[in-house]
Amino acid sequence: MLRLAALSLLSLISAQSLTLYTGDTASTATSTASAAEGTYTGLAAYDPTVLTPPTPPETPVTSYTLTLPSNGQAVLDQGLSLSIAQKGNFLGFSVELSIANSLMGSSSTNMKVPFLNYMANIQNRAGVGPVIRVGGNSQEGSTIFTGGLEDGAVLDKIKVSSGVTDTPLINYSLELFYLMANITSLVGADWYFGLSFNESAVDSPTGNVPIAAKWAQDILGEHLLALSVGNEPDLYVDHSKRESGWGVSNYVTEFDTMTQSILADNNLIDTTAFIGPSTCCQVEGFELDDVFNAGWLTSNVDNLAAVSVQHYPTNNCKINGNVIDPQSIFSDFLNHTSAQAQVSPYLTNSETVLGVQKEFIMLETNTASCGGFAGLSDSFGVALWMADYALQMAWGNFTTALMHVGGQNVYYNPFTPPPSTEAATKQWTTGSIYYSTLVIAEAFGKSNQSKVVDISPSTDSDANNIYHPIYAIYENDAPTRVVLFNYIDDSTGANDLQTTINVGTATSSVSVRYLRASSVSEQYNITWAGQTLGTSFASDGRLYGEQSTTTIQCTDGNCVIPVYAPSIALVFLTEDALSNSTPSADAKTEYETSIVGTGSATVDKQALETSNGQSSSKNGGTSKGNSSGAISRFTNVSRTTTGLVLALTGGLLALVL
């Protein structure tokens, strides 16, 4: 049976552009109400809890002057360092395997339009598609069925216990890889995919896992960045996935056995295919340095695409009855020292990884493991923190950072579909940290050559400078953008910061876009450059409102930038920098669509099966080196920045807008 695979549309996209267009009008974003009058008992993703913001400092910091180093050498002369070149898609998403179908689509030909819109927002700003990982805890108990599942599904979940946070077993079909490939065809996504690494899989390394690895690479081709072997192995013993005494040496042996089995008989075309070890939790004797010291990196370097870690600053796991009150830790996320503390333990590791010419990726992160915290993980303050954290990781030479996305029983999602599969399109809920991806995409832009430096003011002169981090972005050895933060919650204006940037006398003006909300506790009434994604149950993944870019006039090369409390100000130092971070104004072309009410993009399978594509080997798989199975049924595909519409010959594709 033919399906739209990755190669079926990629050649088309270079010749014809997608059309994403505006549908219905936006719902007005409103502030979240507190749940003080009663105890909320619904799903965590929609919890209305609002925390109390920290009190502003007694002595405000109201002004600061920044003289930007003129080039990379000047950065070094100040005792600072630039990062490696970064891309605008640096901050992406880690999708738990068990919820991939509810988030992305029910089949390869039935995709979730809001999800595509969320991804297109990034592609339009970064110039490259988003990076998405499909995996997590649920990858460990997963099995591929190449003949399909009985119900024709992308995947089936098999509950093994009644706990809402317990990990189910997952059976998945090739339909999952075709779904991922078709998402790539539309929004240019690149993928990491997690393979099973449980005891039974390791004990039978020539069994199901090599089959999954081959199909993933055959179907996704060059858009499969790597296959993840193992997920948080440092916790295997604690989580009863291995017997007591199992440790680093055992992991190294099992990793080698599994990867060599996958590579046997030329199973993969690209043998630089794996990532690991994906350690997470600073377990004594099983930290990343311990894995390196055991010879894992040197023995696997030829087959590694990257080295991966996972990290959460804290947890909501209630370990040994220890319940953390989110109010008590809210302020920990609202200053620059938090971002620095999360990244500093990895700085030596990143040097080691770069030394063997591999990428270093944060495969999974968010505010707190076990789902995050009510009122904290979905707050505007955490949107500021995530942007700070991402920039700090980029400065520390991570090459990608992926925010974890779980189901509806977690607080930290960047986006969540409605509980009902029959709900209308515009009923998704946008989490505050999704806005961070837009800030990062525009901060790095489309050049793929953006280097970042943390140029924050010293706390030696004023301890309150921890609330005002600053990053500068350099391209072609010149500063092009500056990111200014104000973590302080104060609607009176008393803690607004006036930052004077000395950019040289040749500059007469700069442009500024703001990430703003009335409070660090705000959940939904958030704007990026004047646009919003709306309130709970009111989003379709599109930004609504007029885009707002503020022009600041400069005097003698000094540009005074207001940084409101609280907010982020992204300063574009040149017109080219602004242009290279702005969605292009493609011509809008409308096509006939069918409104079917489920928020999905639907393709007529029978028509595809009899289309002008040719069946490739292995039931329609399109391998990296073979495009004979490509299907070219899109007649006209073009893009704007606000929605999605596609048309097949004869009107066979229906999208909900």
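These numbers come from the heavy atoms of this one structure, side chains and all, not from hydrogens, waters or symmetry mates. No experiment lies behind these values; they were computed from the predicted model shown.
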* Residue pair L515, F380: steps toward the side chain to side chain contact (heavy atoms under 4.5 Å, CB included) verdict -> CA-CA 9 Å; L515 181 67; F380 178 67; 3.6 Å; yes

Between [Y] and [X], do the side chains contain a donor N or O and an acceptor N or O under 3.5 Å apart?
X	Y	result
D576	T574	no
S519	D489	yes
Y435	T532	yes
S108	E175	yes
Y467	N495	no

Restricting to ring-ring contact (aromatic ring centres under 6.0 Å, His included), what partner residues turn up for [X], sequence neighbours left out?
X	answer
Y312	none
Y471	H336
Y412	none

Residue pair [X] / [Y]: nearest heavy atoms and the distance that separates them:
X	Y	answer
N89	G129	ND2-O, 2.8 Å
V560	Q498	CG1-OE1, 3.7 Å
A189	H223	O-ND1, 3.7 Å
V131	L402	O-CD2, 3.6 Å
H404	S94	ND1-OG, 2.8 Å
G545	Q531	O-NE2, 2.9 Å

Can you tell if the side chain of [X] reaches within under 4.5 Å of the side chain of [Y], non-hydrogen atoms only?
X	Y	answer
P48	Y524	no
V382	L376	yes
L68	I501	yes
V452	S83	yes
T430	I526	no
W428	L533	no
D496	P562	no
P417	L103	yes

* Take F193 and L220 through the test side chain to side chain contact (heavy atoms under 4.5 Å, CB included) and record every step on the way to the result. => CA-CA 10 Å; F193 186 75; L220 295 172; 5.5 Å; no

[X] side chain to [Y] main-chain N or O, any donor-acceptor pair under 3.5 Å?
X	Y	result
S521	L51	yes
N117	D540	yes
S509	I552	no
S567	V563	no
H311	T365	no
Y434	Y118	yes
Q392	A394	no
T184	M180	yes
D47	G375	no
D378	S432	no

Distance check, rounded to the nearest 0.5 Å: [X] atom [atom1] versus [Y] atom [atom2]?
X	Y	atom1	atom2	result
M362	E364	CE	CD	10.0 Å
F444	Q86	CZ	CD	5.5 Å
T367	D332	OG1	CG	12.5 Å
M393	F90	CE	CZ	5.5 Å
N580	T480	CG	OG1	9.0 Å
Q523	T429	CD	OG1	10.0 Å

List for me each residue that meets side chain to side chain donor-acceptor pair (under 3.5 Å) alongside [X], sequence neighbours excluded, and say none if there are none.
X	answer
T400	none
H468	none
N366	none
T314	none

Among residues at least two apart in sequence or on other chains, which ones pass side-chain contact (heavy atoms from CB on, under 4.5 Å) with [X]?
X	answer
A44	Y411
P54	F330, S331, L334, V520
P313	F333, Q342, W385
K446	none

* To do: Assess whether side chain to side chain contact (heavy atoms under 4.5 Å, CB included) is satisfied between V405 and N413, documenting all intermediate values.
  => CA-CA 5 Å; V405 189; N413 286 341; 3.8 Å; yes

* Could you walk me through whether M104 and V134 pass the side chain to side chain contact (heavy atoms under 4.5 Å, CB included) check? -> CA-CA 11 Å; M104 301 190 303; V134 176; 4.3 Å; yes

* **Parallel, tilted or perpendicular: rings of F415 and F115 (30°, 60°)** =>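 Judged by the thresholds at 30° and 60°, the geometry between F115 and F415 is perpendicular.
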
* Which word best sums up how the rings of Y564 and Y514 line up, parallel for under 30°, tilted for 30 to 60°, or perpendicular for over 60°? ->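 The rings of Y564 and Y514 sit tilted, inter-plane angle from 30° to 60°.
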
* Could I get the full list of salt bridge (Lys or Arg N to Asp or Glu O under 4.0 Å) partners for E475, not counting sequence neighbours? =>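 Listed in chain order: R481.
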
